[in-house]
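These notes concern the structure reproduced below.
These values consider heavy atoms only, across backbone and side chains, with no hydrogens, waters or symmetry-generated copies.
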Amino acid sequence: MQTPVFPAGFRWGVSTSAYQVEGAADTDGRGPSIWDTFAHRPGRIADGSSGDVACDHYHRYAEDVALMAGLGISAYRFSVAWPRVQPSGSGPASPRGLDFYDRLVDALLARDIDPVATLYHWDLPQPVEDAGGWLHRDSAGRFAEYADLVAARLGDRVRLWITLNEPFVHMSFGYGLGTHAPGRQLLVDAVPAAHHQLLGHGLAVAALRTRTTSPVALTNNYAPVRVLGDTDADRAAGEAYDALHNRLFTDPVLGLGYPPGLDPGPEVVRDGDLATIVAPIDVLGVNYYNPTAVRAPEEGSPLPFELAELDGYPRTAFDWPVVPEGLRELLVGLRDRYGDALPPIEITESGCAYDDEPDADGRVHDPERIAYLDGHLRALRAAVDEGVDVRGYFVWSLLDNWEWAEGFTKRFGLVHVDADTLARTPKSSYAWYRDVIARSRRHGA
Ligand code: PNW
């Protein structure tokens, strides 16, 4: 059976993020971000690496855009590094910092590839963190000022704007558990970092509307919840986790207010904030990797759920279960939950890590990735056939890049990157994805 085709005009893409691919950490006046600080602190990154050089995409972007053109994609999702645009986290834009994105956007348009820009993919300028980071209300306004500076320069050419990437993962790993930058371990006290990101999103949407007519989106990570056990306590734990992971950053934006139990309270949420946050978005960005298994917590646990292993599925090199069906489940679930309030969806990340290395002939075979993507495109097609309005699909990622706390140990790319030479070698999944796109263009309906 062939991979399904999608309607004409369906957006085929790949995604990356600034700190994970650019490198050039000190180039052209870039300032430090929380990820520079975190990665250079001993013991935080699996292989002791940092994004100082990453894939050196900052200098090799022309080669990378040529690889994209070879895929035949219609869109490239990248992120803009706030510390390049405002090296000290506030004040006027650094023209040299914006120049890079100007060049990138023009190179994409010259190849007929839509630039899709994420404004924030977790690289907060260190001075903004030093002033309280996302725990502090002022960060929301600062983010909107930064968004305005970027849109003033690129607003005429970016085809889709995404304000934030995965604010849930940023809040929970960065401020709740401390496994990501800025490394704070506040557990449930991290919730103000939710409200201030959402407020920043709403203020940024308003700023973007004055600068561009292109659509505006928010990208969230979603995980269908699988409840292990059949007690009321297990089901309550499932509800609690679903509210935190899947609803906290979506319900307020789509007009439902904060989910029960997660309202940050009057000290944090001021009059008018929810009206700012509910500013209409044109697209909901959906990132999907796997479902989450949950059961009732032990007595005395600080959290209202306990995360568990989801058995019975193949696993990626990240040890994440491969559950394509979860994508259909989550898309139908979003439609059922939000109904007419749900805007069109684009899958802004989907992908997997495997230990891909060149064979004796220098070729990189990654049949597991092909099976993974094929399965997820089938699940996506099933959701579309059930009436969910999905307009695009972006593979994470174009390149083997710097995978946050895992450093270079997890390879997500359609293109292999040699750790020493940074040479790019398209994997067999690259040719497969190219053929899927071409066939969909010919036969799409
Ligand atoms: C996303 N989880 O992060 C990010 O948007 C990317 O930057 C990242 O490289 C990619 O997924 C692969 O990890 C996630 O544990 C990090 O559920 C963690 C989770 C999900 C997404």
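A salt bridge is absent between Arg60 and Asp64; no separation between the charged side-chain nitrogens and carboxylate oxygens falls under 4.0 Å. Between Asp374 and Arg378 there is a salt bridge, since at least one side-chain N of the basic residue sits less than 4.0 Å from a carboxylate O of the acidic one. Ionic pairing of Arg337 and Asp242 is present here: one or more N-O contacts between side-chain nitrogen and carboxylate oxygen are shorter than 4.0 angstrom. Checked for salt-bridge contact, Glu346 and Arg391 miss the test: no charged N lies under 4.0 Å from a carboxylate O. Ionic pairing of Asp311 and Arg226 is not present here: no N-O contact between side-chain nitrogen and carboxylate oxygen is shorter than 4.0 angstrom. A salt bridge is defined here as a Lys NZ or Arg NE, NH1 or NH2 lying under 4.0 Å from an Asp or Glu carboxylate O, and Asp400 with Lys427 meets this definition. Electrostatic pairing of Arg424 and Asp418 does not count as a salt bridge here, judged by no charged N lying under 4.0 Å from a carboxylate O. Taking 4.0 Å as the cut-off between side-chain N and carboxylate O, Glu357 and Arg411 count as a salt-bridged pair.
The structure places CG of Leu104 at 9.0 Å from CG of Leu154, a figure rounded to the nearest 0.5 Å. Annotation: the span from Asp435 atom CG to Thr3 atom OG1 amounts to 10.0 Å, rounded to 0.5 Å. Taken from CG in Leu334 to OG1 in Thr250, the straight-line distance is 7.0 Å, to the nearest 0.5 Å. One distance of note links CG of Asn287 with CG of Asn165; it measures 5.5 Å at 0.5 Å rounding. One distance of note links CG of Leu160 with OG of Ser214; it measures 8.0 Å at 0.5 Å rounding. Here the OG-NE2 distance, from Ser33 to His121, works out to 12.0 Å after rounding to the nearest 0.5 Å.
In terms of the side chain to side chain contact (heavy atoms under 4.5 Å, CB included) criterion, residue partners of Ala181 (sequence neighbours excluded) are, by chain and number, Ile34, Trp35, Phe38. Remark: Pro321 pairs with Asn290, Leu310, Tyr313, Arg315, Val323 by the side chain to side chain contact (heavy atoms under 4.5 Å, CB included) rule, at least two apart or across chains. With sequence neighbours excluded, no residue satisfies side chain to side chain contact (heavy atoms under 4.5 Å, CB included) with Glu145. When the ring pair (Phe, Tyr, Trp, His ring centres under 6.0 Å) test is applied to Tyr241, the partners found at least two apart in sequence or on another chain are His245, Phe305.
Using a 30° and 60° split on the angle between ring planes, Trp122 and His180 fall in the tilted class, from 30° to 60°. Aromatic ring pairs are classed by plane angle as parallel below 30°, tilted from 30° to 60° and perpendicular above 60°; the pair Phe249 and Phe168 is perpendicular.
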*Go through Glu349 and Tyr289 one step at a time and tell me if the side-chain hydrogen bond (donor to acceptor under 3.5 Å, both in side chains) criterion holds.*
CA-CA 8 Å; Glu349 289 181 25; Tyr289 289 93; 2.6 Å; yes

*Check step by step if side-chain hydrogen bond (donor to acceptor under 3.5 Å, both in side chains) holds for Gln126 and Thr37.*
CA-CA 8 Å; Gln126 185 62 44; Thr37 309; 2.7 Å; yes

*What's the verdict on side-chain hydrogen bond (donor to acceptor under 3.5 Å, both in side chains) for Ser397 and Thr16, showing C-alpha distance, side-chain angles and the deciding distance?*
CA-CA 6 Å; Ser397 178; Thr16 65; 5.7 Å; no

*How far apart are the C-alpha atoms of Met68 and Arg111, what are their side-chain angles, what is the distance that settles it, and do they pass the side chain to side chain contact (heavy atoms under 4.5 Å, CB included) test?*
CA-CA 9 Å; Met68 296 175 213; Arg111 302 281 203 155; over 6 Å; no

*Intermediate values then yes/no, side-chain hydrogen bond (donor to acceptor under 3.5 Å, both in side chains), Ser350 and His376*: CA-CA 8 Å; Ser350 168; His376 286 71; 5.1 Å; no

_Residues Val388, Val384; criterion side chain to side chain contact (heavy atoms under 4.5 Å, CB included); working and verdict_ = CA-CA 5 Å; Val388 186; Val384 169; 5.8 Å; no

*asked:* Checking Asp356 against Arg369 for the salt bridge (Lys or Arg N to Asp or Glu O under 4.0 Å) test, could you report, in this order, the C-alpha distance in whole Å, the side-chain angles of both residues, the deciding distance, and whether it holds?
replied: CA-CA 10 Å; Asp356 312 309; Arg369 179 167 292 98; 2.9 Å; yes

*Please lay out, stage by stage, how Tyr19 and Trp402 fare under the test ring-ring contact (aromatic ring centres under 6.0 Å, His included).*
CA-CA 8 Å; Tyr19 191 68; Trp402 191 80; 5.2 Å; yes

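Contact between Leu177 and Leu187 at its shortest, heavy atoms only, is CD2-CD2, 4.0 Å. Smallest separation of non-hydrogen atoms from Pro264 and Val191: CG-CG1, 3.7 Å. Shortest non-hydrogen contact noted between Ser50 and Ala39 is CB-CB, 3.8 Å.
Formation of a donor-acceptor pair under 3.5 Å by the Ser79 side chain with backbone atoms of Ala18 is found in this model. When atom types are taken as modelled, the side chain of Ser301 and the backbone of Glu298 share no donor-acceptor pair closer than 3.5 angstrom. No donor-acceptor pair closer than 3.5 Å links the side chain of Thr425 to the backbone N or O of His416. Remark: side-chain polar atoms of Glu166 are not paired, donor with acceptor, to backbone N or O of Asn221 under 3.5 angstrom. Checked by atom type and distance alone, the side chain of Asn246 never pairs as donor or acceptor with a backbone atom of Tyr222 at under 3.5 Å. Under a 3.5 Å cut-off, the side chain of Ser15 and the backbone N or O of Phe394 do not form any donor-acceptor pair. The main-chain N or O of Gly351 is found under 3.5 Å from a side-chain atom of Tyr372 such that the two form a donor-acceptor pair. Asp366 contributes no side-chain N or O that, together with a main-chain N or O of Glu368, makes up a donor-acceptor pair within less than 3.5 Å. Checked by atom type and distance alone, the side chain of Asp234 pairs as donor or acceptor with a backbone atom of Ala296 at under 3.5 Å.
Side chains of Ile281 and His201 form a contact here, defined as non-hydrogen atoms less than 4.5 Å apart. Annotation: side chain of Thr118 is not in contact with side chain of Val80 (no heavy-atom distance under 4.5 Å). By the 4.5 Å heavy-atom criterion applied to side chains, Ile113 and Ser74 are not counted as neighbours. Within the 4.5 Å cutoff, the side chain of Glu239 has no heavy atoms near those of the Val225 side chain. Contact annotation: the side chain of Ile73 never approaches that of Arg11 to less than 4.5 Å [non-hydrogen atoms, C-beta and beyond]. No side-chain heavy atom of His59 sits under 4.5 Å from any side-chain heavy atom of Val53.
Atom CG of Asp359 sits in a crowded spot, with more than 12 heavy atoms from other residues, nucleotides or ligands closer than 6.0 Å. In this structure, Asp102 places its CG atom where more than 12 heavy-atom neighbours from other residues, nucleotides or ligands lie under 6.0 Å away.
Applying the salt bridge (charged side-chain N to carboxylate O under 4.0 Å, His left out) test to every pair with at least one member in residues 81-93, sequence neighbours left out, gives these pairs: Glu22-Arg84. The ring-ring contact (aromatic ring centres under 6.0 Å, His included) analysis of residues 76-101, with sequence neighbours excluded, yields the pairs Tyr58-Phe100, Tyr61-Phe100, Tyr76-Phe78, Trp82-Phe143, Trp82-Tyr146.
A cation-pi contact links Arg381 to Phe6, judged by a cut-off of 6.0 Å to the six-membered ring centre and 45° from its axis.
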